[in-house]
Asker: 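Structure provided below as structure tokens; questions to follow.
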Protein chains: 4
Amino acid sequence: MILTFNDNASEVEIYKIKEKIRSLGLETYELIGLNYHILGIKGNIDLLDLKDLEENKSIDKVIPNEVSQMKASRLYKSEDTIIDVKNQKIGGKKLTIIAGPCSVENKDQILSIAKSVKQSGANFLRGGAFKPRTSPYTFQGLGDEGIELLKYASEQTGLPIVTEIMSINHIDQFVENVDVIQVGARNMQNYELLRELGKIKKPILLKRGISATIEEFLLSAEYIMAGGNENVILCERGIRTFEKFTRNTLDLSAIPALKKLSHLPVIVDPSHSTGLWWMVEPLSKAAISVGADGLMIEVHNDPEKALSDGNQSLKLDKFANLMEKLKPLAQLEGREI
Amino acid sequence: MILTFNDNASEVEIYKIKEKIRSLGLETYELIGLNYHILGIKGNIDLLDLKDLEENKSIDKVIPNEVSQMKASRLYKSEDTIIDVKNQKIGGKKLTIIAGPCSVENKDQILSIAKSVKQSGANFLRGGAFKPRTSPYTFQGLGDEGIELLKYASEQTGLPIVTEIMSINHIDQFVENVDVIQVGARNMQNYELLRELGKIKKPILLKRGISATIEEFLLSAEYIMAGGNENVILCERGIRTFEKFTRNTLDLSAIPALKKLSHLPVIVDPSHSTGLWWMVEPLSKAAISVGADGLMIEVHNDPEKALSDGNQSLKLDKFANLMEKLKPLAQLEGREI
Amino acid sequence: MILTFNDNASEVEIYKIKEKIRSLGLETYELIGLNYHILGIKGNIDLLDLKDLEENKSIDKVIPNEVSQMKASRLYKSEDTIIDVKNQKIGGKKLTIIAGPCSVENKDQILSIAKSVKQSGANFLRGGAFKPRTSPYTFQGLGDEGIELLKYASEQTGLPIVTEIMSINHIDQFVENVDVIQVGARNMQNYELLRELGKIKKPILLKRGISATIEEFLLSAEYIMAGGNENVILCERGIRTFEKFTRNTLDLSAIPALKKLSHLPVIVDPSHSTGLWWMVEPLSKAAISVGADGLMIEVHNDPEKALSDGNQSLKLDKFANLMEKLKPLAQLEGREI
Amino acid sequence: MILTFNDNASEVEIYKIKEKIRSLGLETYELIGLNYHILGIKGNIDLLDLKDLEENKSIDKVIPNEVSQMKASRLYKSEDTIIDVKNQKIGGKKLTIIAGPCSVENKDQILSIAKSVKQSGANFLRGGAFKPRTSPYTFQGLGDEGIELLKYASEQTGLPIVTEIMSINHIDQFVENVDVIQVGARNMQNYELLRELGKIKKPILLKRGISATIEEFLLSAEYIMAGGNENVILCERGIRTFEKFTRNTLDLSAIPALKKLSHLPVIVDPSHSTGLWWMVEPLSKAAISVGADGLMIEVHNDPEKALSDGNQSLKLDKFANLMEKLKPLAQLEGREI
């Protein structure tokens, strides 16, 4: 069960409510933000006087749903969530390595990259078909054709595919053709999209917004989970700060925080966060050491001619080399690649 | 005409291209960002050798459209844009004062607020029907019923209405019932929504994302304008910084910047940016002094019982009082309320 | 009297302590930050049991000084502080206009600027003699010679001078020759310097650090005041954010916040915050409208040849013009120039 | 040799100057910031016409010193700097592990911690004697007595000591008693202190300011090195961002950036950056994986009773345990503990 408090509920009132609940032998947990204060209650909630709670002026809402609330929280589910995608497990002992180009460009490109990254040890293929670009006048992706090419590459290699959705109108198409649906940083608080994705069962890879707090990030995951889709993968990809040496600032502290607060798998994208290919290796290592469940890495067969973000892409041989270096590190952490 | 450059185009190459264009007597202007470099060209573009440009390796794209590009730019249109909404003009001498509650709650509430703010001098009524909330478990707005109530209040008072859209599925409904369609900060880079709003003619009030740069803000306006809808109103509503005394940090420097770079009307929302009702008066004054074309202010008949954001809402009499104080200030700036 | 709490004091414990104090008819007020929790107590503190407080495990320190603590707070002193400098009053009805070049360069420069800004309505002359520069290899100011030149210009024009101190070794020199001693943003938390400046009586103009919260800013003022020098002037000069269109982001919301929390005069520096001369006029107006007690503006007779920060300096005639525009605005706010 | 450019030097002018220099067979390298543009020149600078450069209007300063400039840069010195402190090497194969309490509190505390961390594998003892505290009313450290206690613990254990300096008046005392002098984040741009520390030979551990860019950080190191003290150790300790889950945001991307730009040793402080003891382990691992030369970790024998920052301190056994976990990781990176 969950209680939400009114904005003007005093600390003392909230304290009294919590004490009363705990005195019945129930456990409580809280999420507190600038605009909300949510109290979760675990245990035999039949002991509570619902009417009494509903009439309490400090309480905004009583959500007496035994199982469906705060689904992202570790308090809701203590063991790690493991998501199965075509026999690849995300969140378990094996690290999830998602590799591929920023944009799908043509059949040769995507197939050669897919084959190469598979051989190097990647277990998912990424590639943008619908691209969210800051300017309306830059390359916006191949669209439907890009999805077809990804599917073809997937059939040829067996790698499940991860690609970004930008429109609720594409959900059917993605459910049919895509293995993991990515929600980009710009859409992390596009609640309409999140709600619709909550109605399907496909795994959702949710990227952290560039200025989203850890709590806002989890609450966006909650939008999807509240609808019934608990297959959410969190992805840290850098936050916007004053520092401009790197495109964004990769917030690796967020990984232990997210793993503590939530049971969901957490992966790291060192390519977009830094925008610099030569930072991918050290930050990939750091991500594994800090406890991430996987990596999302941009790889291109010819970065200098890439239609987007070439500067942050690894060449195929560099990616192969990186995988070799990550293996003993993963092992040391009790993981495998 | 517009040129976009490849990411790897050198400064020298770009300089050479600009010099060549200018040597033909054409004017150039630029927008430079982390991921793009756009060159606008004004004048007799028939003098240019298109094929030569298209073959230039430094140039990504040649967009030889004489009139339809970079529509948000002052260089595209030097005089201020004035948008007419039911005889209220946004962007002209008269300041645009949009007032109303955070959320539409019921008929009495919205009607009494509408009547009161009209009498105090507001020329638009605002009110949220579909609310983007950080948590899926907090009040999400009255939805369709909220739109009906706003329409009713508009009919009774003659005030045109401004309310936020969250879904492309609502566009028809909004076109029929709403006078100015608001895009919230969280959706500023929801490009699907922007593109669809580019296909209609209704004025769009676009709020700056909490971590959007001025350039990204203008490029989001460009997504709407590129589609053919040039009726865009920009709204500064605070950016996310380390300072937490105010909810966000109102960036008033952005007003002269936006007015210089763009011909679009720019308004300021002092309520959401600070989250504190007692800051609304001084920041409203500052907004007018710095050159804003209007204000968007939260007003509630009973802030302490408001279903959302009561803490930042002015009471009706305080709003009336504020309007009185703003009148001489507006006059001093050559504006009127 | 002031109490500081231990980091591990629970909210409930603190609440109990406050309730006990209030039950004796005393008033309490608080400053809460990430690393501190300070409780101020007003009224007849003889009613309190000091020993009891000192033995309380939640309380870190009992500072039983009736008059000397939290001197920056409005709760300590409710009326505005007005500082008298050679018959110029800072903090009263008359606005404080501090104008002059970024760096003192030579006698002609400083004298001609001083004469001109005085005629335009400035009541203080600014100019850097010791310059804090990011790189050790750029112009570091004229040093002692700069102080002499400022003094000369002051004698010729009657304008009191404001200039920045960088070393505790210069305090005697500054006390003798300078009218208002400026502490720059980089030194806002140079506690050694603040403590030494607390031992003198000269007014201190304290600039907000580029990443200082409002509370940290006030606590730095407190370092000076705690030592006995209550002549502190606060200066907002922009904070560091992700936005790079302006050098920093001028936080005008800080003005009403500081005026509410503190009785100290607050001025605004629109030149350094934006780094753009053409933004000085609109932001100066906004600063006055938002309630600032004055402005600090960079003016140069030949900005293009300035040894530092020419891009943000107004020419002499532009400054004169700005003063004319500010007069009616000041009047509207019940102030004068 | 180094050139600095005027603020108003055009890109084209700068380009021409660089081309001319390169055409003589000399190498150039650049540091470009908001307020400076520095060009370094390597090679036979006798080929250059000094007078010609000095008279060039785009050039601010010609610094014709063959060996002493931009000392922090990798271009100045390509091999890693290794600093020897009582036979402990900082910057070499062996990781530098600096451990100890936030504040020195008493003889028993510091001695028992020193013995314990030494046994666990630390090679330096840290402890604050002079503490920079945000509020003037919180514990400011034991001062001189703290230095004496550190020295005693050092004599008993053989561990060299690292402690923070806050005043130029303490330099002699620190030179005599302290092994590595720390400059805290708040004083990173206290140029007076940096200059004075440039005149001595003791190693300086320079902490990054909470809002300092990587370039500003290196330029602060340059202030020390320009004076002749090249024994500088850089310490990343978190930057200030909007995220408040952790006290600051540890910027691990800065490590590969600093190691690429500079030859100086770089260490990481996971305790202060997060403010959370349970994050120290994962972030220590990440720091080593990303290439740091060492760690600075807060350890306390009784964190709950610590006079400052107890919440971020590891207990002695947790520290011992951490060291055991770091050993195989260090080995994997070709380092040792």
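The analysis underlying the following values was restricted to heavy atoms, covering all of them including side chains, and did not include hydrogens, waters or symmetry mates. Letters A, B, ... mirror the listed sequences (proteins, then strands); counts begin at 1.
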Asker: Taking all heavy atoms of Phe245(A) and all of Ala257(D), pick out the closest pair and write down the distance.
Answerer: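 Looking at all heavy atoms of both residues, the shortest contact is CE2-CB, 3.4 Å.
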
Asker: For the interface with chain D, which of Gly291(A), Ala287(A), Ala212(A) has the highest count of heavy-atom pairs at distances below 4.5 Å?
Answerer: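 Looking at each of Gly291(A), Ala287(A), Ala212(A) in turn, Ala212(A) comes out on top.
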
Asker: What's the shortest heavy-atom distance between Pro282(D) and Val290(A), and which atoms?
Answerer: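 That closest heavy-atom pairing would be O-CG2, 3.5 Å.
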
Asker: When only pairs under 4.5 Å are counted, which of Leu283(A), Ile255(A), Ile288(A) shares the most heavy-atom pairs with chain D?
Answerer: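 It is Leu283(A).
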
Asker: Does Lys77(A) NZ have over 12 foreign heavy atoms under 6.0 Å away?
Answerer: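 Counting neighbours around NZ of Lys77(A), more than 12 heavy atoms of other residues, nucleotides or ligands fall under 6.0 Å, so yes.
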
Asker: Measure distances from Leu332(A) to the heavy atoms of chain D and classify the residue's part below 4.5 Å as side chain, backbone, both or neither.
Answerer: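 The answer is the side chain of Leu332(A).
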
Asker: For Lys260(A), is it the side chain, the backbone, both, or neither that has a heavy atom closer than 4.5 Å to a heavy atom of chain D?
Answerer: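 Interface part for Lys260(A): side chain.
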
Asker: Please state whether the side chain, the backbone, both or neither of Ser253(D) comes within less than 4.5 Å of a heavy atom of chain A.
Answerer: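 Contact with chain A involves both backbone and side-chain atoms of Ser253(D).
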
Asker: Just how far is it from atom NZ of Lys285(D) to atom NZ of Lys285(A), taken to the nearest 0.5 Å?
Answerer: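 If we round to the nearest 0.5 Å, Lys285(D):NZ and Lys285(A):NZ are 15.5 Å apart.
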
Asker: Answer yes or no: is there a side-chain heavy-atom contact under 4.5 Å between Thr249(D) and Ile239(A)?
Answerer: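 With C-beta onward as the side chain, the pair touches.
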
Asker: Compare every heavy atom of Ile214(D) with every heavy atom of Glu243(A), then report the nearest pair and how far apart it is.
Answerer: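 In terms of heavy atoms, the two residues are closest at OE1-N, 2.8 Å.
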
Asker: With a 4.5 Å heavy-atom cut-off, do Phe242(A) and Thr213(D) have their side chains touching?
Answerer: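 They are in side-chain contact.
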
Asker: Is Gln331(A) atom CD crowded by more than 12 heavy atoms from other residues, nucleotides or ligands, each under 6.0 Å away?
Answerer: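 No, because the 6.0 Å sphere around CD of Gln331(A) holds 12 heavy atoms or fewer from other groups.
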
Asker: Measure distances from Ser211(A) to the heavy atoms of chain D and classify the residue's part below 4.5 Å as side chain, backbone, both or neither.
Answerer: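 It is both, since atoms from each part get that close.
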
Asker: Quick one: which of Thr274(A), Leu250(A), Leu329(A) has the most heavy-atom pairs under 4.5 Å with chain D, could you say?
Answerer: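 Heavy-atom pair counts peak at Leu329(A).
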
Asker: What part of Glu281(A) is in contact with chain D, defined as an atom under 4.5 angstrom from a non-hydrogen atom: side chain, backbone, both or neither?
Answerer: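 Neither; nothing under 4.5 Å.
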
Asker: Within a radius of less than 6.0 Å around CD of Glu27(A), do more than 12 heavy atoms belonging to other residues, nucleotides or ligands occur?
Answerer: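 Incorrect, the count does not exceed 12.
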
Asker: More than 12 non-hydrogen atoms from neighbouring residues, nucleotides or ligands closer than 6.0 Å to NZ on Lys18(A), yes or no?
Answerer: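 Atom NZ in Lys18(A) is packed in, count exceeds 12.
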
